[in-house]
Structures are given as C-alpha cells and as structure tokens.
> 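Mind having a look at this structure? Questions to follow.
In what follows, residues are counted from 1 in the order of the sequence shown. Hydrogens, waters and symmetry mates play no part in the numbers below; they use all other heavy atoms, side chains included. Here the structure is a predicted model, which is why all the values come from computation and not from measurement.
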Amino acid sequence: MQTKPNIYNYKSFNTYFNDWVNYMKDFKSFSLYKMAQDLELSSITEISNILKGRRKVSHRVLDKLKNYMSLAPSEQFYLELIAELDRSI
C-alpha cells in the first residue's frame, strides 16, 4: 500500500491530484465514478480530463475537491495555490 502523498511536496495540482487518485485506488471503496457522483458532476469525463492534463481544474470542482479530499485548512489553501499556478501556465 502506498503512503498518502504529502501535498507540500508538490508544486503542481495535476501531479498531486494524479498521485492522490493513485493512492486512493488502493481502497476498494474508491472509484472515479463514485468520486464524480460524490462531487455532483454529470460524469467522470471532467475528472478524467483533469487527470490526463487535457483540462485545468475549475474553481467549482476545486471547491468540491477540497472537502472531498479531507484536507486540513492549510492544505486546502495550498491546494488552491498550486491549482492557480497550474491555471496560469
């Protein structure tokens, strides 16, 4: 089993999100489909496109992800920072 990725070791939202999803796949209760449902997205396409680097994470999805990922307030703030950095590139 992998260890949970430390968000502070990342400077890219996309890289962190990919590593976090890979970590979560070790848990049988996790799936991209269930995550899309929990985030109230119409399909997994948006998540899939973010993971593949085809799309930047939107503010709407990021707000939902911060809670879904069970991040501490300081980690949520850092996640916002690296997501904004990714959007600016």
> How long is the gap from CG on Leu39 to CG on Asn67, to the nearest 0.5 Å?
9.5 Å
> Has Tyr33 got a side-chain atom pairing as donor or acceptor with Ser43's backbone, closer than 3.5 angstrom?
no
> Between Glu75 and Lys66, is the closest basic N to carboxylate O distance under 4.0 Å?
no
> Would you call Glu84 and Ser88 a side-chain contact if the rule is heavy atoms closer than 4.5 Å?
no
> Starting at OG of Ser42, measure out to CD of Gln37 and round the result to the nearest 0.5 Å.
11.5 Å
> Under the rule for ring pair (Phe, Tyr, Trp, His ring centres under 6.0 Å), what residues qualify as partners of Phe77, not counting sequence neighbours?
none
> Distance check, rounded to the nearest 0.5 Å: Arg60 atom CZ versus Glu46 atom CD?
5.0 Å
> Taking Pro5's backbone N and O only, do any of them form a donor-acceptor pair with Asp19's side chain (distance below 3.5 Å, no angle check)?
no
> In terms of the angle between their ring planes, are Phe27 and Tyr23 parallel, tilted or perpendicular, with boundaries placed at 30° and 60°?
perpendicular
> Can you name the closest pair of heavy atoms from Leu85 and Lys11 and give their distance?
CD2-O, 3.4 Å
> Taking atom types as modelled, find out whether Asn18 and Asn14 have a side-chain donor-acceptor pair closer than 3.5 angstrom.
yes
> Calculate, to the nearest 0.5 Å, the distance between atoms CG and CD belonging to Leu62 and Gln76 respectively.
9.0 Å
> Would Phe13 and Ile50 count as a side-chain contact (heavy atoms from CB on, under 4.5 Å) here? Give the steps.
CA-CA 10 Å; Phe13 170 85; Ile50 293 167; 3.9 Å; yes
> Between Leu32 and Ile44, what is the shortest heavy-atom contact and its length?
O-CG2, 3.4 Å
> Would you give the length of the straight line joining atom CD1 of Ile47 to atom CZ of Arg55, rounded to the nearest 0.5 angstrom?
11.0 Å
> Over all heavy atoms of both residues, which pair between Ser12 and Asp86 is shortest? Give the atoms and the distance, please.
OG-OD2, 3.3 Å
> Please report the shortest heavy-atom distance between Asn6 and Tyr16, naming the atom on each side.
C-CE1, 4.4 Å
> Test your reading of the model: is there a side-chain donor-acceptor pair from Arg87 to the backbone of Lys56, 3.5 Å cut-off?
no
> Determine whether Phe30 and Val21 make a side-chain contact, defined as any pair of heavy atoms from C-beta on separated by less than 4.5 Å.
yes
> In terms of ring plane angle, is the pair Trp20 and Tyr68 parallel, tilted or perpendicular, where the classes change at 30° and 60°?
perpendicular
> Does Asp26 use its side chain to pair, donor to acceptor, with the backbone of Gln2 at less than 3.5 Å?
yes
> Quick one: OH on Tyr10 to CG on Leu79, what's the gap to the nearest 0.5 Å?
12.0 Å
> If I compare all heavy atoms of Ile7 with all of Tyr78, which pair ends up nearest, and what's the gap?
O-CE2, 3.2 Å
> Between Phe17 and Met69, what is the shortest heavy-atom contact and its length?
CD1-CE, 4.3 Å
